[in-house]
Amino acid sequence: MSSFIGKSVKRVEDKRFLTGKGRYTDDIVLPGMTYAFLVRSPYAHAKINSIDTSEAEKAPGVVKIFTGKDLLTPEGAPIGVPTGWQVDFKNGDTMKEPPHPLLVADKARHAGDAVAVVIAETREAAKDAAELIEVDYEELDAVTDATKALASGAPQVHDDVPNNLCFDWEIGDKAGTDAAMASAAHITTLDFVNQRVIPNAIEPRSVIGSYDTANDKYTLYTSSQNPHLIRLLLCAFVLGIPEHKVRVVAPDVGGGFGSKIFHYTEEALMIWASRQIERPIKWIAERSESFLTDAHGRDHQTKAELGLDADGNIVGLRISTVANLGAYLSTFAPAVPTYLHGTLLQGLYTTPNIHLDLKAVFTNTTAVDAYRGAGRPEATYLLERIIENAARETGRDPAELRMQNFIPPFDGVKEEGYVTQVALQYDSGDYEPVLRRAMEMVGYEDFRKEQAEAKKNGKLLGIGFSTYIEACGIAPSAVVGALGARAGLYESAQVRIQPTGMVSVYSGSHSHGQGHETTFAQVVADRLGVPLENVEIVHGDSEAVAFGMGTYGSRSLAVGGSAIVKSIDKVLEKGAKIAAHLLEANPDDLEYAGGAWTVKGTDKSVGFGDVALTAYVPHNYPADLEPGLDFSSFYDPANFTYPFGAHIAIVEVDPETGKVDLKRFIACDDVGNVINPMIVDGQIHGGVAQGVGQALFEGAIYDDDGQLLNGSYMDYTMPRADDLPSFEVDRTVTPCPHNPLGVKGAGEAGTIGSTPAVVNAVLDALSDYNISDIRMPMTPERVWRAMQNGS
């Protein structure tokens, strides 16, 4: 029986978080520390004629000022950060990849583009001096809308990228889909915008660059989800520093949601500048800077068509999407609208013909990248909105239409994984039970009666469904490499048994709030049969951990946890040889349980601690065995994992004001085997809140000049606790067949499933108004205007 797996063990890391004892980057103070403030363009598009730093250089406390001209290669090219994924045009040409300078020297391409950095003895002195810098800007016309950016005569973000088209791309069978749509009995069409959203981690991005003159070594402290990848990019692609001379530390990190995966310019700039002044430099983003410079998410404009036959079977799905990439290519940006979006358009349905035509476009806006869910929320939103509309248009029940078109169950063992029309093979799935369970939880039939009664009294109640599938633990490396990834997507783990039997685990999966120190320890304690408190989890330091690929895309347990299991298996294999020697038995005659090796059928046994001590004090030891009990493993999965689920929202719309009140939210998810139910529930809760935020509250607003109009908490609406009901969650369990824990992923599920459920619920409440779409966020004004313009 499992001692820890499946148990809601309280998070061991919460003691320091809840008592204010966490250690974040801004808590670190190094001897001789200086502070940086970045001068940023107030214009979205402007030529830089000159920068005068003379007065600022005289200001009190100023140590040094750098501009873009200081960061040019000998050939005159700007030093910049690279993107991590290459996508080719349909015709085979490579995507356009303009430089992303650490400081721009020629022109600013979005409001917030950095043009200079002031380094001073205090943060306040740096900020005061920055106000004395005179920049002669020549403002240029800007473009922020991706479709408009493609138009002839639109402002050019990069001179060498014609029509601002970074790449075009397609997936699926165009001819087959066109033919299927031509023969469809009914076609539902939906034009919609999946709006741009802005990440809002509790801890703003923060960086310390430190150069050690004595040892010619660099240390970067950064609030990152991915310290080893940052070191790799810094060394191999940006500054050319030997990797053994760079240490990257990501201490406690206050939230990521995807926005801290990427290699930001400030990280490379602080390391470079610290070498120039030979002192440490700290930069902490102000909240307004975070709005302007943290990579944004989503921003798709889409036309979708869903074809049904006369019996309600889906026959085809045809999509055209324009994706806004912003001004530069961020680290994973090219993968988001393509391989993380296009490949999920099968959803849970047997759709026999699918085709996506995609254009990825530069605009004068902040760069976009893998915000929580990354492409999968966009795909799910598309599917779940259009199938709901199709049900309404054809007079079918939305739940029944979904179940009619669900892929039949398969476990990936007796039945092979399901091969989609868009290049994936799902691992295992049983989709109808999650929707049935969610409908049972909500009391669907009773709700419809309640809804009809409420309508008689002038109340507008609505119910919205969303079923989803997502791809987690992106892999294997050979496949993603063939698709354009410029990094492997495996994970590493080292399990070191100390002589006293204590266990130290070094994981490349970095935790920024998910609870790795608890969940990973549960896996280790369970497998080794040792107390939970005997296990420590180390992460986030490239000097302590040999290598890692970080945490994103719900990969930590499926990939990082599997690497830990591989190392544990090696520990137990060697431990059995030591135990057999001590017991004068054959290793094959031993069994391991409860923290001891026992000779089968006898009471002769030796404990884990005794074997650990013997491994380091090998006085009575197998002759052909090395001392020590310490193993590392790299785990490269055979496939993604594919969690799925069904979410249902119930809303009430105020007919006088258009205000939406989220009354209930039901989530039934299947994330495979569950290590810690409490942590999974918490991640579902957080994800649902984030998805509801996009549906009802959040969205970046740029004016035509490229100014972000809601770049503060005074203007950008985040969901608050009293905007949300108590979520009702449950789960089914369909284990992943190809990783040793049978786990899938949970971190993004809530975000992916919740947004379309809420929007569908609002449109269901307004079913008498003949409204097919309301743009997100569904503010009271937008809902009210839609009601006025409806029937």
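Numbering of residues begins at 1 and proceeds along the displayed sequence.
Distance alone, capped at 3.5 Å, places no donor-acceptor pair between the Asp705 side chain and the Gln707 backbone. At least one donor-acceptor pair under 3.5 Å links the side chain of Asn164 to the backbone N or O of Val157. Listed for the Asp369 side chain is no donor-acceptor partner under 3.5 Å among the backbone atoms of Ala295. Of the possible polar contacts, one joining the Thr122 side chain to the Ala125 backbone as a donor-acceptor pair under 3.5 Å is found. Listed for the Gln225 side chain is a donor-acceptor partner under 3.5 Å among the backbone atoms of Gly258. Checking side-chain atoms of Ser542 against main-chain N and O of Val248 turns up a donor-acceptor pair under 3.5 Å. Put simply, the side chain of Arg782 gets close to the backbone of Met776: a donor and an acceptor are under 3.5 Å apart. In this structure, Lys282 contributes its side chain and Asp26 its backbone to a donor-acceptor pair below 3.5 Å. Remark: the backbone N or O of Leu165 is not paired with any side-chain donor or acceptor of Asn163 at under 3.5 angstrom. Here the side chain of Arg298 pairs no donor or acceptor atom with the backbone of Pro377 at under 3.5 angstrom.
Summarising the geometry of Asn364 relative to Ala142, their closest heavy-atom pair is OD1-CA, 3.4 Å, with the distance given to 0.1 Å. Nearest heavy atom pair, residue Gly209 against residue Ile271, reads CA-CD1, 4.1 Å. Closest of all the heavy-atom pairs between Ala689 and Pro719 is O-CG, 3.6 Å. Of all heavy-atom pairs spanning Leu38 and Trp283, the tightest one is CD1-NE1, 3.6 Å. Summarising the geometry of Gly112 relative to Arg40, their closest heavy-atom pair is O-NH1, 2.9 Å, with the distance given to 0.1 Å. Across every non-hydrogen atom of Lys96 and Leu329, the tightest pair is O-CD1, 3.5 Å.
In this structure, a donor-acceptor pair under 3.5 Å is absent between the side chains of His158 and Gln156. Inspection of the Tyr713 and Asn200 side chains reveals an N or O donor paired with an N or O acceptor under 3.5 Å. With no hydrogens or angles considered, a side-chain donor-acceptor pair links Ser556 and Thr551 at under 3.5 Å. Checked by atom type, the side-chain pair Thr321/Thr302 shows a donor-acceptor distance below 3.5 Å. Residues Ser41 and Asp113 have side chains that never bring a donor and an acceptor to within less than 3.5 angstrom of each other. Side-chain contact of Ser206 with Glu203: a donor-acceptor pair under 3.5 Å is present, judged by distance alone. Using modelled atom types, one finds no donor on one side chain facing an acceptor on the other under 3.5 Å when comparing Thr213 with Glu278. Between the side chains of Thr293 and Glu289, not a single donor N or O lies within less than 3.5 Å of an accepting N or O. With hydrogens and angles left out, the side-chain atoms of Gln86 and Arg486 include a donor and acceptor closer than 3.5 Å.
Inter-residue side-chain proximity for Val545 and His510 is flagged as unmet; no heavy-atom pair is nearer than 4.5 Å. In this structure the side chain of Ile198 reaches within 4.5 angstrom of the side chain of Leu708, judged on heavy atoms. Counting heavy atoms from C-beta outward, Leu234 and Ile241 have side chains that stay 4.5 Å or more apart. Put simply, the side chain of Asn324 does not reach to within 4.5 Å of the side chain of Val361, judged on heavy atoms. Counting only heavy atoms from C-beta outward, the side chains of Phe362 and Val143 never approach each other to under 4.5 Å. Counting heavy atoms from C-beta on, the side chains of Phe697 and Arg720 never come closer than 4.5 Å. Taking 4.5 Å as the limit, every side-chain heavy atom of Thr751 sits out of range of all side-chain heavy atoms of Phe257. Taking the side chain as every heavy atom from C-beta outward, Asp252 and Phe17 approach each other to under 4.5 Å.
Annotation for Arg785: atom CZ does not count as buried by contact number, only 12 or fewer foreign heavy atoms lying within 6.0 Å. Taking a 6.0 Å sphere around CD1 of Ile202, one finds it holds 12 or fewer heavy atoms contributed by other residues, nucleotides or ligands. Heavy atoms from other residues, nucleotides or ligands lying under 6.0 Å from NZ of Lys69 number 12 at most. Heavy atoms from other residues, nucleotides or ligands lying under 6.0 Å from NZ of Lys90 number more than 12. Within a 6.0 Å sphere centred on CD of Glu138, other residues, nucleotides and ligands contribute more than 12 heavy atoms.
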Begin from the C-alpha positions of Phe66 and Ile119 and carry the test side chain to side chain contact (heavy atoms under 4.5 Å, CB included) through to its verdict.
-> CA-CA 8 Å; Phe66 297 105; Ile119 301 164; 3.8 Å; yes
Could you go through the salt bridge (charged side-chain N to carboxylate O under 4.0 Å, His left out) check for Glu286 and Arg123 one step at a time?
-> CA-CA 11 Å; Glu286 297 186 340; Arg123 191 175 301 164; over 6 Å; no
Side chain to side chain contact (heavy atoms under 4.5 Å, CB included) between Leu30 and Thr219: does it pass, once the steps are laid out?
-> CA-CA 11 Å; Leu30 301 178; Thr219 302; over 6 Å; no
Go through the steps to decide whether Thr366 and Phe291 satisfy the test side chain to side chain contact (heavy atoms under 4.5 Å, CB included), and finish with yes or no.
-> CA-CA 9 Å; Thr366 300; Phe291 273 94; over 6 Å; no
With side chain to side chain contact (heavy atoms under 4.5 Å, CB included) as the test, would you mind laying out the steps for Trp85 and Leu483 before giving the verdict?
-> CA-CA 8 Å; Trp85 202 291; Leu483 300 179; 4.2 Å; yes
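The line from CG of Leu140 to CZ of Arg109 is 10.0 Å long, rounded to the nearest 0.5 Å. Between the CD1 atom in Ile48 and the OH atom in Tyr43 there is a gap of 12.0 Å [rounded to 0.5 Å]. The line from NZ of Lys64 to CD of Glu57 is 7.0 Å long, rounded to the nearest 0.5 Å. Annotation: the span from Arg196 atom CZ to Glu698 atom CD amounts to 14.0 Å, rounded to 0.5 Å. Atoms CD and OG, on Gln301 and Ser320 in that order, are 10.5 Å from each other to the nearest 0.5 Å. Within the model, atoms OH of Tyr264 and CG of Leu269 stand 15.5 Å from one another, a figure rounded to the nearest 0.5 Å.
Considering Ile79, Val104, Val117 as possible partners of Leu71, the one that fulfils the side chain to side chain contact (heavy atoms under 4.5 Å, CB included) test is Ile79. When the options Val135, Thr67, Asp136 are evaluated for a side chain to side chain contact (heavy atoms under 4.5 Å, CB included) with Ser50, the one that passes is Asp136.
Salt bridge Lys127/Glu131: absent, no basic N to carboxylate O contact under 4.0 Å. Salt-bridge check for Asp212 with Arg247: failed, with every basic side-chain N at 4.0 Å or more from each acidic carboxylate O. A salt bridge is absent between Glu543 and Arg231: the closest approach of a Lys/Arg side-chain nitrogen to an acidic carboxylate oxygen does not fall below 4.0 angstrom. Ionic pairing of Lys260 and Glu267 is not present here: no N-O contact between side-chain nitrogen and carboxylate oxygen is shorter than 4.0 angstrom.
The aromatic rings of Tyr218 and Tyr211 are tilted relative to each other, their planes meeting at an angle between 30° and 60°. The aromatic rings of Tyr552 and Phe332 sit tilted relative to each other, their planes meeting at an angle between 30° and 60°.
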